2 protein chains.
Amino acid sequence: MPDEQGHPEPAEMELGKVLSALADPLRRLVVRELAAGPDGEARTCSSFALPVSKATVTHHFRTLREAGLICQVDRGNSRKATLRRADIEQRFPGLLALLVAEGARGDSQA
Amino acid sequence: MPDEQGHPEPAEMELGKVLSALADPLRRLVVRELAAGPDGEARTCSSFALPVSKATVTHHFRTLREAGLICQVDRGNSRKATLRRADIEQRFPGLLALLVAEGARGDSQA
DNA sequence: GGCCAGGTATGATGCAAGTCGTACCTGGGA
DNA sequence: TCCCAGGTACGACTTGCATCATACCTGGCC
């Protein structure tokens with residue numbers, strides 16, 4: 001499977017899955033960093049330097065992708081992830097702001 | 001408030017705990033019903049008719065309380081739960097709207 | 001007083017989720 | 001060409017969570 005499947009459309013996004021995905025601090029960190037960056041920014045999984053193994057990183061990014069929060073595109077050797085900012089904002093307005101606000105506070109662990 | 005332990009102040013609410021609490025469809029149902037009702041409405045745990053045992057209901061309400069989403073007050077024989085609407089709205093603006101919007105759609109917890 | 005309804009506390013259980021190691025695939029560079 | 005780096009797939013392990021049954025406490029009511 002080269003690139004896109006498992007990328008739900010905006011209407012197919014489920015709040016339960018989104019909240020479950022965002023319940024993990026590592027995944028929240030990823031989304032927060034993406035949300036804090038410029039729109040459309042594409043980053044590799046490894047660029048986040050998560051304190052877990054490669055297999056676990058893959059697992060977290062899969063969870064985010066299946067929840068509809070990020071979009072992963074194969075780019076030859078690597079794979080770039082982008083935040084589905086417009087889709088999220090349309091479907092769950094204000095959600096990203098909550099995550100960014102978390103980072104603006106004490107932030108803390110992961 | 002003589003009773004309250006386990007009721008975090010607004011500033012003490014953690015997004016992680018809130019999202020984890022809201023990741024469960026039963027708990028989301030409770031908050032959604034409370035949010036859809038009038039402000040300050042006090043309901044007993046049993047009034048939600050959750051399809052689980054009493055012990056499980058207690059567990060869910062404890063989770064919601066410790067996340068800071070509801071306030072439970074002993075009222076003699078029973079115990080009334082109220083949504084901490086203002087606190088939630090101040091700390092996580094727009095969050096309740098997302099839950100209510102979920103109910104307005106296809107709904108049905110799963 | 002005795003009884004019952006609403007909640008809580010305490011295990012115990014089953015399943016989902018996070019984690020890892022290892023093997024594997026792909027593409028770029030030496 | 002060989003090798004390495006970035007990711008994925010698979011299997012295994014462990015912890016956490018939702019669930020339950022049971023026992024218990026409290027306050028209202030007959």
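Quick note on labels: first sequence line is chain A, next is B, and so on, each numbered from 1. Because the structure is a prediction, the values reported are computed rather than measured.
- Each end of the helix from C:dG1-D:dC30 to C:dA30-D:dT1 yields a helix axis from five base pairs, and these two axes differ in direction by 10° (to the nearest 10 degrees).
- The 12-atom threshold is not exceeded at NZ of B:K17, counting heavy atoms of other residues, nucleotides or ligands nearer than 6.0 Å.
- Taking the side chain as every heavy atom from C-beta outward, A:V52 and A:H59 never approach each other to under 4.5 Å.
- In this structure, the CD atom of A:E66 is 15 Å from the P atom of C:dA16, given to the nearest Å.
- Going from atom CG of B:N77 over to atom C1' of C:dG7 covers 9 Å, rounded to whole Å.
- One finds a side-chain N or O of B:R62 lying less than 4.0 angstrom from the OP1 or OP2 phosphate oxygen of C:dA9.
- Considering only the side chain of A:S78, D:dG7 comes nearest among C:dT26, D:dG7, D:dT26.
- Sorted by first and then second residue, the salt bridge (Lys or Arg N to Asp or Glu O under 4.0 Å) pairs with a member in residues 34-45 of chain A read A:E33-A:R43, A:D39-A:R85; sequence neighbours excluded.
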- request: Assign a letter to each nucleotide of nucleotides 18-24 of chain D from its 5' end: B, base within under 4.0 Å of a protein heavy atom; S, sugar-phosphate only; -, no contact.
  value: SBBB---
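- Of the options A:R91, A:Q90, A:R84, a side-chain hydrogen bond (donor to acceptor under 3.5 Å, both in side chains) to A:D87 is made by A:R84 and by none of the others.
- Within the structure, every side-chain polar atom (N or O) of A:S46 is placed at least 4.0 Å from both OP1 and OP2 of D:dA5.
- An OP1 or OP2 oxygen of D:dT8 is reached within less than 4.0 angstrom by a side-chain nitrogen or oxygen of A:R79.
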